[in-house]
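Computation of the quantities below employed the complete heavy-atom set of this structure, encompassing side-chain atoms and omitting hydrogens, waters and symmetry-equivalent molecules. This structure is a prediction, so every number in the text was calculated from the model and none was measured.
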Amino acid sequence: GFGKEAMGLGDVHLLAAVGACVGWLDSVLAFFVAPFIALYMVLVQATWTGGGRRAMPFGPYLAIATLLVIVGKFGFELIMTAVFGSPERLNFP
């Protein structure tokens, strides 16, 4: 959009490593959780400092999201079981 590369391949390699270690489903969940973590952190930074950086690395937010997905997977399974109304607990791979 601005005539320069915005995202390198480091993020792709990071998620490939996450997928190889913990499975494809966790890496997909981390991919969709990471932007919300990044948005929260940027809003906190803009509130405290009065402004934010224009360019920011996305890898740390992917790593934080991966940790949250790994730690919170059991709770996520319980929430999804309640949402879908399943008689037995969902067990994601």
List the atom of Asp11, the atom of Gly59, and the distance in Å for their closest heavy-atom pair. OD1-N, 3.4 Å
Look up atom CG in Leu68 and atom CG in Leu29, then write down how far apart they are to the nearest 0.5 Å. 11.5 Å
Side chain to side chain contact (heavy atoms under 4.5 Å, CB included) with Leu39: of Ile37, Leu43, Val42, only one passes, and it is Leu43
Can you get from Ile70 to Phe74 by hopping between Ile, Leu, Val, Met, Phe, Trp and Tyr side chains that sit under 4.5 Å apart? no
Quick check on the hydrophobic clustering: are Tyr61 and Phe36 connected, directly or via other members, by side-chain heavy-atom contacts under 4.5 Å? no
If you take all heavy atoms of Ala30 and Ala65, which pair is closest and at what distance? O-CB, 3.5 Å
Count I, L, V, M, F, W, Y as connected when their side-chain heavy atoms are under 4.5 Å apart, and connections chain through other members. Are Trp24 and Met80 then in the same cluster? yes
Can you tell which of Asp26, Leu15, Thr66 makes a side chain to side chain contact (heavy atoms under 4.5 Å, CB included) with Phe31? Leu15
Any idea which heavy atoms bring Ala34 and Leu62 closest together, and the distance? CB-CD2, 3.6 Å
Hydrophobic clusters here meaning ILVMFWY residues chained together by side-chain heavy-atom distances under 4.5 Å, can you tell me if Val33 and Val71 are in one? no
With clusters defined by side-chain heavy atoms of hydrophobic residues (ILVMFWY) lying less than 4.5 Å apart, directly or transitively, does Phe32 cluster with Val69? yes
Could you list the cluster mates of Leu67? Members are the ILVMFWY residues connected by side-chain heavy atoms closer than 4.5 Å, either directly or through other members. none
Treating Thr81 as the side-chain partner and Leu90 as the backbone partner, does any N or O pair qualify as donor plus acceptor under 3.5 Å? yes
Roughly how far, to the nearest 0.5 Å, is NZ of Lys73 from CG of Asn91? 7.5 Å
